[in-house]
Amino acid sequence: MARDPSRVETFSDGIFAVVLTVMAVELLQYGPARAGGRELPDALAHAWPSYLAYVITFGIAGQIWLGHHNMWRYVVRVDQVLLVFNLLLLLFVAAIPFTADLLSDNLRGSAAEQRLTAALYVGTVLGESLFFNLSWWWARRHRLLHPDLDPRLARAVARRLLLRPPLYLIAFAFVFVDPILSLLLYLLLVGLSLIRRPGDLPRFSAEAGGEVSDRGR
C-alpha cells in the first residue's frame, strides 16, 4: 500500500541539514593552517582550496535540495521502491562532505591525485543524479504523483533531470585540462540551475491547483 510522503520529506531534509553542517565543519576549519606559524591573513590565503570547494559543494548540495523539494511537492504517495531510490540518493548526498574534503586537500597534489579526487567527486554527484532520475521515473510510471499534474510538465521535468549527468561529465572532463577550471564549471552549472525551469516553485504564491499545472513559463 502506498503511503503519505511527508515522513520521507522530513527525513530527507534532516539529511541535507546534517550534510551541510558537516561540510562547513570539515572545509572551513583553518586552525591546522596556522600550525606552521603563519599569520592569520597568510593562513586564510593558504586555505583557499577549502573555501573554493566549500562554495562549489554548498552550491551543488543546495541545488540538489532545491530539486528534491520541488520534485517531492508533486509526490502524493510513496511505495517501497521509491523509498529505496530516495535512500540511495541520500547515500550519495551524505558522501559529498567526504569527497569535497578530499578534493580540497589534493588541489595542490600531483596530477594523478587531482584526477582521482575529481573522479570521486563527480562520481558522487552522478550517483545522486542517477537516483534522482530513477525516483522521478518511478513516481511517474506508478502514478505516485498528483493526479492533476500536467503530463507535459512531468515530461519537461524528466528531460531537465536527464540533462544533468552529461553536463557534470563535461565539467569533469576539464579536470584533464585544469582542475580549477573544472570546479568553476561546476559552479557555473549551479548558477544556471537558479534560472527558473519547469517544475520549480512559482515566483508568487498560488493556489494548490495552480502549482500542479504550472508549466514553468
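No hydrogens, no waters, no symmetry mates; every other heavy atom, side chains included, goes into these values.
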Rounded to the nearest 0.5 angstrom, the CG-CE distance for Leu89 and Met71 is 8.5 Å
Report the C-alpha distance between Ile170 and Leu185 in whole Å, list the side-chain angles of each, state the deciding distance to 0.1 Å, and finish with yes or no for side chain to side chain contact (heavy atoms under 4.5 Å, CB included). CA-CA 9 Å; Ile170 291 171; Leu185 286 174; 5.5 Å; no
If we only count heavy atoms from C-beta on, is the Tyr121 to Ile56 side-chain gap below 4.5 Å? yes
Report yes if some heavy atom in the side chain of Ile64 is under 4.5 Å from a heavy atom in the side chain of Phe132; otherwise report no. yes
Would you say Val125 and Ile60 make side-chain contact, with heavy atoms under 4.5 Å? yes
Should the pair Trp65 and His69 be assigned to parallel (<30°), tilted (30 to 60°) or perpendicular (>60°) ring geometry? parallel
So, do Pro5 and Val76 sit near enough that their side-chain heavy atoms are less than 4.5 Å apart? no
Within a strict 4.5 Å, meaning less than it, do heavy atoms of the Leu144 and Asp79 side chains meet? yes
Partner set under side chain to side chain contact (heavy atoms under 4.5 Å, CB included) for Leu145, not counting sequence neighbours: Tyr74, Val75, Trp136, Ala139, Arg140, Leu149
Return the orientation label for the Trp138 and Phe85 ring planes: parallel under 30°, perpendicular over 60°, tilted otherwise. perpendicular
Qualifying residues under side chain to side chain donor-acceptor pair (under 3.5 Å), relative to Ser12, sequence neighbours excluded: Asn86
Is the shortest heavy-atom distance from the side chain of Phe11 to the side chain of Ile15 under 4.5 Å? yes
Rounded to the nearest 0.5 Å, how far does CZ of Arg155 lie from CZ of Arg160? 15.5 Å
Show your reasoning for whether side chain to side chain donor-acceptor pair (under 3.5 Å) applies to Trp72 and His68. CA-CA 6 Å; Trp72 279 84; His68 193 275; 3.2 Å; yes
Heavy atoms of Gln63 and Tyr168 approach each other most closely as OE1-OH, 3.2 Å
Is there a side-chain contact between Leu87 and Leu91, using heavy atoms and a 4.5 Å cut-off? no
Should Trp137 and Leu161 count as side-chain neighbours, where that means a heavy-atom distance under 4.5 Å? no
Residues that Thr10 engages under side chain to side chain donor-acceptor pair (under 3.5 Å), provided they are two or more places apart: none
Which pair of heavy atoms, one from His142 and one from Arg77, lies closest together, and at what distance? O-NH2, 3.8 Å
Gap separating the CG atom of Leu153 from the CG atom of Asp148, nearest 0.5 angstrom: 12.5 Å
Straight-line distance of Leu20 CG to Thr57 OG1, nearest 0.5 Å: 10.5 Å
Test of understanding: clusters of I, L, V, M, F, W, Y form through side-chain heavy atoms closer than 4.5 Å, transitively. Do Val122 and Leu162 belong to the same one? no
